[in-house]
Chemist: 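Before we start, here is the structure in question, set down as structure tokens.
Values in this document were obtained by computation on a predicted structure and should not be read as measured data.
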Amino acid sequence: MKRVQLEYFVRVVEEKSFTRAAEKLFISQPALSKSIRSLEKELDVTLFKRDPRELSLTSEGEWVYHYAVDILNYWQMRTSELMALLGQVRGILRFGLPPSVGSVFFSKIMYEYGLKYPQVDLQIFEGTSKKVEAMVMGDQIDLGVVIEPYDNPHMRLKTVYRSEVVLVVSQKHRLAKRDVVDFAEIKDEPMLIVSKDYMFHDQILAHCKQAGFLPNITFTTSQWDLLLEMAAEDQGVTLMGRPVAEKLYSDRIKCVSIRNPEFPWTLGLISKKCKPLSGPAKSFWDFCGEI
């Protein structure tokens, strides 16, 4: 059983298609099918159910899949450790990044990291902070970004960026002339917020509760630019990290600081505690530095 066979098998399972897997692996589909048949023959099992409508695993296929993932992760980790000992950082770094923060902080970090470590294949996986957390826990990615405050006893956490959450209003809103407002002043405002898929959604509710009220939520979405567009059109107010709001809509909105309670906007880098950092993951972790 060869490592490349396991890699091919895992890719087919994850893509749920021989065709898509062959395209991602840059090999022909017949060559991929031949590799899978060879693996089945060597193990004397059938890995996939023969259903033309859906590609799914047999029970033996499930066992082989989990085995293959463990073996490939271990091989990657140990290879990265060896390269690090030899003074080289190379390999694959799978990095989870929420779409709202990529342009604010990590675009520059990723560019500079790529210049310093050209032999690292940096693969970006986009998703909400909740999805990123689940992918790190499931060993699908090595590192991820979350919005703090964050507490998970199974994770390492490193704060890498700090700013503030602001109230975003249109230029003609009654609070647009203010530089600071108390949380209680917005209790009756029509509130536009991100969906429950985001950790930030829960943080907004927690801060409103701390201020003594339930927000008047009139609209939720996973699209940050839509929230800003609606706020700019005076269809409601929204809460957002200052860097995101100012970068996307600085000329059409007013960002107002919030107090009582204050609302920090902090980005943290996470990794799984029980899993040693590979060479690429450790180099990126250290590269982000301490704030």
Side-chain angles (χ1 to χ4, degrees), residues 98-106 128-130 132-133 145-152 157-270 288-291:
S100 60
V101 304
S103 62
V104 173
F105 177 70
F106 282 96
T128 66
S129 292
K130 288 183 178 180
V132 166
E133 177 189 41
V145 177
V146 296
I147 306 294
E148 298 185 46
Y150 176 80
D151 183 25
N152 184 328
L157 173 66
K158 178 179 185 178
T159 301
V160 294
Y161 185 85
R162 182 175 287 124
S163 182
E164 66 170 336
V165 172
V166 291
L167 176 70
V168 179
V169 300
S170 73
Q171 295 283 4
K172 57 184 178 182
H173 192 275
R174 66 180 182 87
L175 297 175
K177 296 181 180 180
R178 302 273 297 277
D179 292 323
V180 183
V181 298
D182 287 344
F183 242 100
E185 294 182 69
I186 65 172
K187 66 179 181 178
D188 296 322
E189 293 287 339
M191 186 75 72
L192 319 167
I193 69 172
V194 292
S195 60
K196 295 179 180 180
D197 296 335
Y198 288 85
M199 290 181 179
F200 190 54
H201 176 99
D202 300 336
Q203 294 175 10
I204 291 174
L205 297 185
H207 278 77
C208 290
K209 182 178 180 180
Q210 188 177 346
F213 69 93
L214 293 175
N216 176 28
I217 299 174
T218 58
F219 185 77
T220 62
T221 180
S222 61
Q223 301 181 45
W224 296 82
D225 56 343
L226 179 57
L227 292 175
L228 290 169
E229 179 64 33
M230 293 177 69
E233 292 295 327
D234 205 28
Q235 297 174 18
V237 302
T238 191
L239 295 168
M240 195 168 295
R242 180 183 287 276
V244 177
E246 292 184 339
K247 188 174 185 66
L248 296 178
Y249 271 74
S250 59
D251 59 335
R252 298 183 55 204
I253 57 168
K254 174 66 184 294
C255 293
V256 184
S257 295
I258 308 174
R259 65 185 180 189
N260 297 325
E262 293 183 350
F263 198 162
W265 192 73
T266 308
L267 304 181
L269 196 62
I270 60 171
C288 287
E290 299 284 351
I291 67 169

Chemist: Please report the interatomic distance OH(Y150) to CG(L267), rounded to the nearest 0.5 Å.
Modeler: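 Separation between the atoms: 14.0 Å.
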Chemist: Taking all heavy atoms of C255 and all of E246, pick out the closest pair and write down the distance.
Modeler: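 In this case the closest contact between C255 and E246 is SG-CG, 3.9 Å.
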Chemist: Grab the two heavy atoms, one from A211 and one from N260, that are nearest each other, plus how far apart they are.
Modeler: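 For A211 versus N260, the nearest heavy atoms are CB-O, 4.1 Å.
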Chemist: May I ask you to decide whether D234 forms a salt bridge with R252, counting only side-chain N to carboxylate O separations under 4.0 Å?
Modeler: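 Not counted as a salt bridge, because no side-chain N and carboxylate O are separated by less than 4.0 Å.
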Chemist: Is there side-chain contact between M191 and V237, with heavy atoms separated by less than 4.5 Å?
Modeler: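 A side-chain contact under 4.5 Å exists here.
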Chemist: Within the 4.5 Å heavy-atom criterion, are Q203 and P149 side-chain neighbours or not?
Modeler: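 Yes; the side chains approach each other to less than 4.5 Å.
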Chemist: CG/D182 to CG/L167 distance, rounded to the nearest 0.5 angstrom?
Modeler: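 These two atoms lie 11.5 Å from each other.
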Chemist: Does the plane of the ring in F183 sit parallel, tilted or perpendicular to the ring in H207? Use 30° and 60° as the thresholds.
Modeler: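 Rings of F183 and H207: parallel, as their planes differ by under 30°.
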Chemist: Check K209, K130, K196 against D202 for a salt bridge (charged side-chain N to carboxylate O under 4.0 Å, His left out) and give me the one that passes.
Modeler: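 Answer to the salt bridge (charged side-chain N to carboxylate O under 4.0 Å, His left out) test with D202 among K209, K130, K196: K130.
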Chemist: Using the rule side-chain contact (heavy atoms from CB on, under 4.5 Å), only one of I193, V165, T238, I217 pairs with I204; which is it?
Modeler: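 Passing option: I193.
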Chemist: With rounding to the nearest 0.5 angstrom, report the NZ to CZ distance, K254 to R178.
Modeler: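 Between K254 NZ and R178 CZ, I get 9.5 Å after rounding to 0.5 Å.
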Chemist: Mark yes or no for whether E164, through its side chain, and W265, through its backbone, hold a donor-acceptor pair below 3.5 Å.
Modeler: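 A pair under 3.5 Å: no.
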Chemist: If we ignore hydrogens and angles and just use 3.5 Å, is the side chain of S129 paired with the main-chain N or O of M199 as donor and acceptor?
Modeler: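 No, the answer is negative, given that no donor and acceptor are paired below the 3.5 Å cut-off.
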Chemist: Where do E148 and T159 come nearest, in terms of heavy atoms and distance?
Modeler: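 Taking E148 first and T159 second, the nearest heavy atoms are OE2-OG1, 2.6 Å.
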Chemist: Is the shortest side-chain heavy-atom distance between I186 and F213 below 4.5 Å?
Modeler: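 The answer is yes, as the side chains (C-beta and beyond) meet within the 4.5 Å cut-off.
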Chemist: Using the side chain to side chain contact (heavy atoms under 4.5 Å, CB included) rule, take V160 and V145 through it: C-alpha gap first, then chi angles, then the decisive distance, then the call.
Modeler: CA-CA 9 Å; V160 294; V145 177; 5.9 Å; no
Chemist: Find the distance between CD1 (I258) and CZ (R242) and round it off to the nearest 0.5 Å.
Modeler: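 I258 atom CD1 to R242 atom CZ measures 9.5 Å (nearest 0.5 Å).
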Chemist: Run S257 and E262 through side chain to side chain contact (heavy atoms under 4.5 Å, CB included) and show every step you take.
Modeler: CA-CA 8 Å; S257 295; E262 293 183 350; over 6 Å; no
Chemist: Does T221 form a side chain to side chain contact (heavy atoms under 4.5 Å, CB included) with V194? I'd like the steps, not just the answer.
Modeler: CA-CA 5 Å; T221 180; V194 292; over 6 Å; no
Chemist: Grab the two heavy atoms, one from E133 and one from N152, that are nearest each other, plus how far apart they are.
Modeler: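 So the two residues come closest at OE2-ND2, 3.0 Å.
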Chemist: Is the closest side-chain heavy-atom distance between V146 and L157 below 4.5 Å?
Modeler: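 Answer yes - side chains close enough.
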Chemist: Quick check for you: to the nearest 0.5 Å, what is the distance between C288 atom SG and Y161 atom OH?
Modeler: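 It is 13.5 Å, given to the nearest 0.5 Å.
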Chemist: Strictly below 4.0 Å, N to O, side chains only: are E185 and R174 in salt-bridge contact?
Modeler: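 No, no charged N to carboxylate O under 4.0 Å.
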Chemist: Looking at every heavy atom in both E189 and H173, which two are closest together, and how far apart are they?
Modeler: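 E189 and H173 have their closest heavy atoms at OE1-NE2, 3.0 Å.
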Chemist: First locate atom OG of S170, then atom CG of L228, and finally report the distance between them rounded to the nearest 0.5 Å.
Modeler: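 So the OG of S170 and the CG of L228 are separated by 12.5 Å.
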